[in-house]
K.L.:
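One structure follows; several queries about it will come next.
Sequence lines set the chain letters: A, B, ... in the order given, protein chains first and strands last, and positions in each chain run from 1.
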Amino acid sequence: MNSRTRPISPHLQVYKPQITSVLSILHRITGVGLAVGALALVYWLNSAAYGPEAFNRTQEFMATWFGRLLLFGWTWALFYHLCNGIRHLFWDAGMGFGLPNVNFTGWIVVLSSIIFTLGSWFIGYGMVGG
Amino acid sequence: MSLQSDLGRVKGLGSSKSGTSHWWAQRVTALALIPLTLWFIYSTIKFVGMDLISFGAWLNEPGSVLLLSLFLIALFYHMQLGLQVVIEDYVHGEKNKVFLLLINKFAAALFAISSLVAIIQIAYGG
């Protein structure tokens, strides 16, 4: 009997995506994305230490549409990871394990991450005017 | 009845060989990062389009160097702990795994210290 054709453990792909599983993997994905963002932060700080020309080049790149897209993505990833991280800390304290509760706090996390992201960009554009 | 040896039970380190220290450190850094991240986002909004002179002036305001340093230390510690779990979950083969775990630790130390040095240079370098 060929062991290669036998069914192995259940495939992730055959499961219907649910709010719980999608938010769980998003926590990891945003975490890895934020590690890349942290690298950009290191670059930004070091360009500032290098001198005004290097710093201005970094600032100019961040002002391009691509730079802004990256920053917008990192803003959302940061707020999502922050909100969902707080949700995780409540679970760690033994709170909010009921299924209706888990679904409800999941949607709260999605909604608040979007509101905080749009809110901070709204404030940002209001302060510098584009 | 436990199949653990008495010594194993007393040490309390379990199958991970490091007990709950990794898990606990991840939660402690997460807790520290809640206020620090909110402060960092509030500050970053002000950095939009800023030149180096204004950034230096901001860094010389009371608390800026301290809070930014605390944020960076907690951030890179938390990042290293998180990426470690991702590597342990997805990278198979002991050689590759250990290699990447070392790279992860070295990179986190390099990023943390280089950004702290950069801040000190900007703030006090004159």
K.L.:
Looking at A/I123, A/L89, A/L34, which one has more heavy-atom pairs under 4.5 Å with chain B than the rest?
P.N.:
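It is A/L89.
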
K.L.:
Under a 4.5 Å heavy-atom cutoff, which of A/P52, A/G85, A/A48, A/A38 has the most pairs with chain B?
P.N.:
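Top count of heavy-atom pairs under 4.5 Å with chain B: A/A48.
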
K.L.:
What part of B/I53 gets closer than 4.5 Å to chain A, counting heavy atoms only: side chain, backbone, both or neither?
P.N.:
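Neither part; nothing is under 4.5 Å.
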
K.L.:
Please identify, among B/L31, B/V85, B/I41, B/I120, the residue contributing the most non-hydrogen atom pairs under 4.5 Å to chain A.
P.N.:
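Ranked by contacts with chain A, first place is B/I41.
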
K.L.:
Please assess A/M127 against B/V48 for the test side-chain contact (heavy atoms from CB on, under 4.5 Å), listing each intermediate value before the final yes or no.
P.N.:
CA-CA 9 Å; A/M127 276 171 69; B/V48 180; over 6 Å; no

K.L.:
Give every residue pair that meets the salt bridge (charged side-chain N to carboxylate O under 4.0 Å, His left out) criterion with at least one member in residues 64-80 of chain B, sequence neighbours excluded.
P.N.:
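For residues 64-80 of chain B, and leaving out neighbouring residues, there are no salt bridge (charged side-chain N to carboxylate O under 4.0 Å, His left out) pairs at all.
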
K.L.:
Is there side-chain contact between B/L68 and B/F40, with heavy atoms separated by less than 4.5 Å?
P.N.:
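Yes, side chains in contact.
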
K.L.:
Once you leave out hydrogens and angles, what donor-acceptor pairs under 3.5 Å do chain B and chain A share?
P.N.:
| from | atom 1 | to | atom 2 | distance (Å) |
| --- | --- | --- | --- | --- |
| B/R27 | NE | A/D92 | OD2 | 2.7 |
| B/F47 | O | A/Q59 | NE2 | 3.1 |
| B/M50 | O | A/Q59 | NE2 | 2.9 |
| B/D89 | OD2 | A/R28 | NH1 | 2.8 |
| B/D89 | OD2 | A/R28 | NH2 | 2.9 |
| B/Y90 | OH | A/R28 | NH1 | 3.1 |

K.L.:
Side chain from CB out, backbone as N, CA, C, O: work out which of these in A/I86 comes under 4.5 Å of a heavy atom of chain B, or both, or neither.
P.N.:
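Looking at A/I86, just its side chain touches chain B.
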
K.L.:
Which atoms of A/L41 come close to chain B, meaning under 4.5 Å heavy atom to heavy atom: side chain ones, backbone ones, both, or neither?
P.N.:
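Contact with chain B involves the side chain of A/L41 alone.
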
K.L.:
Taking the side chain as C-beta and beyond, is there a heavy-atom pair between B/L36 and B/L75 under 4.5 Å?
P.N.:
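Of all side-chain heavy-atom pairs linking B/L75 with B/L36, none is under 4.5 Å.
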
K.L.:
Please test B/L101 against B/V91 for side-chain contact (heavy atoms from CB on, under 4.5 Å), starting from the C-alpha separation and ending with a verdict.
P.N.:
CA-CA 10 Å; B/L101 288 174; B/V91 180; over 6 Å; no

K.L.:
Does any backbone or side-chain atom of A/A63 lie under 4.5 Å from a heavy atom of chain B? Answer side chain, backbone, both or neither.
P.N.:
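Neither part.
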
K.L.:
So which part of B/I34 gets closer than 4.5 Å to some heavy atom of chain A, the side chain, the backbone, both or neither?
P.N.:
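Both parts, backbone and side chain.
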
K.L.:
For a quick test of reading the model, state the closest non-hydrogen atom pair linking A/G124 to B/I45 and the distance between them.
P.N.:
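In terms of heavy atoms, the two residues are closest at CA-CG2, 3.6 Å.
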
K.L.:
Going by heavy atoms in the side chains, are B/F76 and B/L110 under 4.5 Å from each other?
P.N.:
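SC-SC contact between B/F76 and B/L110 ruled out.
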
K.L.:
Take atom CZ of A/F116 as the centre, draw a 6.0 Å sphere, and report whether it contains more than 12 heavy atoms from other residues, nucleotides or ligands.
P.N.:
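Check fails, neighbour count at 12 or below.
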
K.L.:
For residues 54-64 of chain B, pull every pair meeting salt bridge (charged side-chain N to carboxylate O under 4.0 Å, His left out), keeping only residues two or more places apart or in separate chains.
P.N.:
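Residue pairs with at least one partner in residues 54-64 of chain B: there are none.
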
K.L.:
Who passes side-chain contact (heavy atoms from CB on, under 4.5 Å) against B/A107, sequence neighbours left out?
P.N.:
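Counting only residues at least two positions away or on another chain, B/A107 forms a side-chain contact (heavy atoms from CB on, under 4.5 Å) with B/F111.
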
